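Below is one structure, written out as structure tokens; the observations come after it.
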Amino acid sequence: MFLDMLAHEKRASPLTVEAYGHDLAGFLGFITQHLGGEPDIAALGVLRPADFRAWLASEANDGISSTSRARHLSAVRSFFRFLHKRHGVENTAIRTIATPRSKRPLPRALTEADARNVAAAIGEVEDEPWLSARNEALFTLLYGCGLRISEALALNVGNAPRGDTLLVRGKGDKERIVPVLPLVQSRIAHWLTQHPSPAPDAPLFIGAKGCRLNPGVAQRALRNFRRLNGIPEHATPHALRHSFATHLLAGGADLRSIQELLGHATLSTTQRYTAVDATQLLTVWKKAHPRAR
């Protein structure tokens with residue numbers, strides 16, 4: 001009945017109906033073992049929060065990911081809404097069960113050599129000198145200052161760093177000041193000599209048609225460069241921001257300072273980089289220590 005409702009009333013695709021059926025069968029199979037017998041509708045109506053938690057815990061023990069468990073729980077919730085609507089059986093316990101949360105993936109930074117290679121040679125993928133100068137300035141800025149691609153592309157010529165600091169407007173319209181390396185200053189200065197229309201209110205980084213540079217164009221330039229130079233596929237404009245933070249941490253910078261430089265609202269977001277650094281240290285240890293081989 002429930003699957004028929006999905007197929008004919010909700011007009012769900014056959015694959016969706018099949019997935020819901022599989023998820024629901026897994027839940028009912030567990031409940032049957034858990035209760036010692038196949039449950040009827042009345043038994044389903046009096047399941048306790050502990051019963052649902054036991055089911056989710058069993059799935060976790062079986063190695064099912066939090067993303068899949070969240071999907072399974074969503075299917076079961078839909079089934080219990082169906083029972084309430086069609087059969088008058090309401091189980092309020094299902095509402096108290098929190099959805100399993102997926103762990104955010106760790107930031108994937110480039111090695112220092114790869115990050116420097118991108119900043120130094122990204123201009124090679126362009127034939128036009130002014131496009132080469134633009135790419136070198138943009139990617140050196142991303143790695144040297146840890147900017148988001150959106151923050152860099154939002155800059156106007158009048159906002160270009162001409163000293164040793166740069167005012168950045170980030171998420172939530174919050175402003176922060178970041179230091180600017182001499183190399184970044186020189187790359188930006190060189191780019192401005194090639195800029196077709198360097199009026200103060202013009203976009204700092206422009207595309208071939210003179211409009212503000214589209215992020216996709218920058219991503220494509222880096223994609224072409226990494227494939228020509230054997231750099232890992234996770235090398236993206238945002239990976240340069242991750243690299244900025246990870247390399248600062250490896251060099252001894254404290255988390256609070258990195259938080260300010262990145263413009264993170266909370267320190268917990270910045271703390272993810274400590275896990276990255278620890279992972280890299282473990283990799284080095286395994287390669288170098290005689291007892292780790």
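Since the structure is predicted, the reported quantities are computational estimates derived from the model, not experimental observations. Quick note: numbers below take in every heavy atom, side chains included, and nothing from hydrogens, waters or symmetry partners.
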Closer than 3.5 angstrom, by distance alone: can the side chain of Asp254 be matched with the main-chain N or O of Arg256 as a donor-acceptor pair? yes

Taken to the nearest 0.5 Å, the spacing of Leu166 CG from Arg176 CZ works out to 8.5 Å

Which value, rounded to the nearest 0.5 Å, describes the distance between Cys145 atom SG and Leu181 atom CG? 6.5 Å

Output, in order, the C-alpha distance, side-chain angles, deciding distance and verdict of salt bridge (Lys or Arg N to Asp or Glu O under 4.0 Å) for Arg86 and Glu9. CA-CA 13 Å; Arg86 296 295 176 87; Glu9 296 182 25; 2.6 Å; yes

Should the pair Phe27 and Phe80 be assigned to parallel (<30°), tilted (30 to 60°) or perpendicular (>60°) ring geometry? perpendicular

If you look only at distance, which donor and acceptor atoms sit under 3.5 Å apart when one is on a side chain in residues 109-122 and the other is two or more places apart or in another chain?
{"unit_1": "Thr111", "atom_1": "OG1", "unit_2": "Asp114", "atom_2": "N", "d": "3.1"}
{"unit_1": "Thr111", "atom_1": "OG1", "unit_2": "Asp114", "atom_2": "OD2", "d": "3.4"}

Surrounding CD of Glu90 (heavy atoms of other residues, nucleotides or ligands, distance under 6.0 Å), is the total greater than 12? yes

Donor-acceptor check, side chain of Asp40 to backbone of Ala42, threshold 3.5 angstrom: yes or no? yes

Thr32 versus Pro39: any side-chain heavy-atom pair under 4.5 Å? yes

Do Val217 and Leu240 share a hydrophobic cluster (ILVMFWY, side-chain heavy atoms under 4.5 Å, transitive)? yes

Do Leu138 and Leu167 land in one hydrophobic cluster if side-chain heavy atoms of ILVMFWY residues count as linked below 4.5 Å? no

Heavy-atom pair with the smallest gap, counting every atom of Thr165 and Pro161: O-CB, 4.2 Å

CE on Met1 to NE2 on His87, rounded to 0.5 Å: 5.5 Å

Verify, without hydrogens or angle tests, whether His84 (side chain) and Thr92 (backbone) share a donor-acceptor contact under 3.5 angstrom. no

Treat each ILVMFWY residue as a node, draw an edge where side-chain heavy atoms are under 4.5 Å apart, and state whether Ile94 and Val46 are in one component. no

Distance in Å, Asn214 CG paired with Gln219 CD, rounded so as to fall on 0.5 Å steps: 8.0 Å

So, for Asn135 and Ala221, which heavy atoms are closest and what is the spacing to 0.1 Å? ND2-CB, 3.9 Å

Kindly say whether Leu204 contributes a backbone atom to a donor-acceptor pair with the side chain of Trp191 at under 3.5 angstrom? yes

Is Ile97 close to Arg53 at the side-chain level, that is, under 4.5 Å between some pair of heavy atoms? yes

What's the shortest heavy-atom distance between Leu213 and Ala218, and which atoms? CD2-CB, 4.4 Å

Do Ile64 and Val76 land in one hydrophobic cluster if side-chain heavy atoms of ILVMFWY residues count as linked below 4.5 Å? no

Which pair of non-hydrogen atoms, one from Asn156 and one from Pro200, has the smallest distance, and what is that distance? CB-O, 3.6 Å

Please say yes or no: joined through hydrophobic side-chain contacts below 4.5 Å, possibly via intermediate residues, are Phe244 and Leu183 part of one cluster? no

For Ile206, is there any backbone N or O sitting under 3.5 Å from a side-chain donor or acceptor partner on Arg212? no

Value rounded to 0.5 Å, distance of CZ in Phe52 from NE2 in His34: 10.0 Å

Test your reading of the model: is there a side-chain donor-acceptor pair from Asn91 to the backbone of Leu47, 3.5 Å cut-off? yes

For the pair Ser243 (side chain) and Ala239 (backbone), establish whether a donor and an acceptor sit closer than 3.5 Å, ignoring hydrogens and angles. yes

Between Arg134 and Ala208, which heavy-atom pair has the shortest distance, and what is it? NH1-N, 4.5 Å

Report yes if some heavy atom in the side chain of Lys171 is under 4.5 Å from a heavy atom in the side chain of Glu151; otherwise report no. no

Heavy-atom neighbours of His22 NE2 exceed 12 at 6.0 Å: no

Any heavy-atom pair between the side chains of Arg11 and His8 that's under 4.5 Å? no

Partner set under side-chain hydrogen bond (donor to acceptor under 3.5 Å, both in side chains) for Arg77, not counting sequence neighbours: Thr99

Here the pair of heavy atoms bringing Tyr143 nearest to His247 is OH-ND1, 2.8 Å

One should read off an interatomic distance between Leu83 CG and Ile41 CD1, to the nearest 0.5 angstrom, of 6.0 Å

Given the rule in the ring-ring contact (aromatic ring centres under 6.0 Å, His included) test, do Phe82 and Tyr20 qualify, once you have shown the distances and angles that lead to the verdict? CA-CA 13 Å; Phe82 167 80; Tyr20 269 70; over 10 Å; no

Residues in side-chain hydrogen bond (donor to acceptor under 3.5 Å, both in side chains) with Thr140, at least two apart? Arg187

Let's go through Leu147 and Val178 carefully: what are the C-alpha distance in whole Å and the side-chain angles of both, what is the deciding distance for side-chain contact (heavy atoms from CB on, under 4.5 Å) to 0.1 Å, and is it a yes or a no? CA-CA 9 Å; Leu147 269 60; Val178 298; 4.3 Å; yes

Donor-acceptor check, side chain of His264 to backbone of Thr266, threshold 3.5 angstrom: yes or no? no

Regarding Arg69 and Ser66, do their side chains bring together a donor and an acceptor under 3.5 Å, going by distance alone? no

